[in-house]
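Data first, discussion second: the structure below is written as structure tokens.
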Amino acid sequence: MIWTLARTRTETSVMDKTHLVDEITGHRRMRRNRKADWTRRLVQENRLTVDDLIWPIFIVPGTGIVDPIAAMPGVNRMSIDKAVEAVKEAAGLGIPAIATFPDIEMELRDETGSNSLVANNLINQATSAIKKAVSNIGIITDVALDPFTSHGHDGILRDGIIVNDETVDQIVRAAVMQADAGADIIAPSEMMDGRIGAIRRGLDAAGHQDVGIMSYATKFSSGFYGPYREAINTSGLLKGDKNSYYISPANGTEAVRDAALDVEEGADMLMVKPGIAYLDICWRIKEAFGLPVFAYQVSGEYTQIKAAAMNGWIDGDRIMMETLLCFKRAGCDGILSYFAVDVAKKLAKNG
Ligand code: PBG
């Protein structure tokens, strides 16, 4: 029994406690650095802080409305007055930015999403109200047409095709109006070719040199968006799928190339969406471009965690924190998450 064999090395014949494992590992032991809380803290490579969080919220018309979204337990659609209160709280917790999505009346939705070009539409009203009432929080707005179209697609639909260039012309105009209303960052999620460069030119021509662009650079055609489509009531409208403009989940190199074009066109920040199933893409585009990279932990990811936690099958809080930390490890500078306020509160408590 070699591993219990004691050998004498010194004259004083101290028992040599070298174990077979020491011989196998060459005396290296990974667990030494993990042995106590203090050393684990000392060697921790990544940390999640409140500064990493972007909070997506849903806006509805009216006043005094806080309307729970069935498929996203804990998430509400809010009228502007209520959203202002909620965003005040978020800013108080130190959350650096919000991302707004409108759920507009069905009567206002049409083939081309024309309500996106109404200067005081719901999303722009929300921006100016929040800007007026809350300081020190960034407002990120999307210019995709899906909340405004009668078919739920992100662009203009003509003869069964989502037309690229006409859509770009429209979203540039919408982006300028969003900036006029006070948006700090435009985040186009509709994946049309050439949109980043076109929006940059449009913003600059209108004097909005300081308004940034966070490109939804790699947006995949994903089943994880289901609950969001319920939240803004597009799931019943959507005809077909978005495969002709979103990236296939099978393609990583294509995603990097798409992001490269956005970088060339002037994106200030890049986003990967969905998040947890696409950490390889986060890592690749962070390594490739060195721009700030954000992951969007989308509605389906949120709902999976919530639903399992509500059934008592997983520890929801623990997995919420774990997933967000893993985005940091994967190279992300921040995360858009419906958990943002919960996380900010938890971080503040743990201080
Ligand atoms: C569409 C859009 C989507 C999301 C935000 N804007 C995807 C879609 O409906 O196809 C998804 C957000 C989420 O799932 O949390 N422009």
(request) Return yes if a side-chain donor-acceptor contact under 3.5 Å exists between D142 and S189, otherwise no. (result)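 Looking only at side-chain atoms, S189 and D142 do form a donor-acceptor pair, the distance falling under 3.5 Å.
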
(message) Assess, by modelled atom type and distance only, whether the side chains of E230 and S235 contain a donor and an acceptor separated by less than 3.5 Å.
(response)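 The answer is no; no qualifying pair exists.
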
(request) Return the minimal non-hydrogen interatomic distance between R195 and Y216, and the atom names on each side. (result)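 Looking at all heavy atoms of both residues, the shortest contact is NH2-O, 3.0 Å.
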
So, are [X] and [Y] salt-bridged, with charged N and O less than 4.0 Å apart?
X: K346; Y: D342; result: no
X: K345; Y: E89; result: yes
X: D333; Y: K286; result: yes

(message) Can you confirm if the aromatic rings of F294 and F327 lie within a centre distance of less than 6.0 Å?
(response)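 No, the ring of F327 stays outside the 6.0 Å limit from the ring of F294, centre to centre.
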
(request) Could you tell me if the ring centre of Y278 sits under 6.0 Å from that of Y296? (result)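 Ring centres of Y296 and Y278 not closer than 6.0 Å.
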
(message) Please check: side-chain N/O of T167 versus main-chain N/O of I156, any donor-acceptor pairing under 3.5 Å?
(response)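 Pair found, side chain donor or acceptor close to backbone of I156.
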
(message) Under a 3.5 Å distance rule, please check whether T149 uses its side chain to pair with a backbone N or O of E111 as donor and acceptor.
(response)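 Judged by distance alone, no pair lies under 3.5 Å.
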
(message) Could you walk me through whether S114 and D110 satisfy the side-chain hydrogen bond (donor to acceptor under 3.5 Å, both in side chains) test, starting with their C-alpha distance in whole Å, then the side-chain angles of each, then the deciding distance to 0.1 Å, before giving a yes or no?
(response) CA-CA 7 Å; S114 62; D110 59 23; 2.4 Å; yes

(message) Are I281 and F220 packed together at the side-chain level, in the sense that at least one heavy-atom pair is separated by less than 4.5 angstrom?
(response)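 When only atoms from C-beta onward are counted, F220 and I281 do touch, with a gap below 4.5 Å.
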
(message) Between K131 and I139, does the side chain to side chain contact (heavy atoms under 4.5 Å, CB included) criterion hold? Intermediate values first, please.
(response) CA-CA 8 Å; K131 258 270 109 89; I139 303 178; 3.8 Å; yes

(request) Fit a plane to each ring of Y228 and F101, take the angle between them on a 0 to 90° scale, and name the class: parallel (under 30°), tilted (30 to 60°) or perpendicular (over 60°). (result)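 Geometry flag for F101 against Y228: perpendicular rings.
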
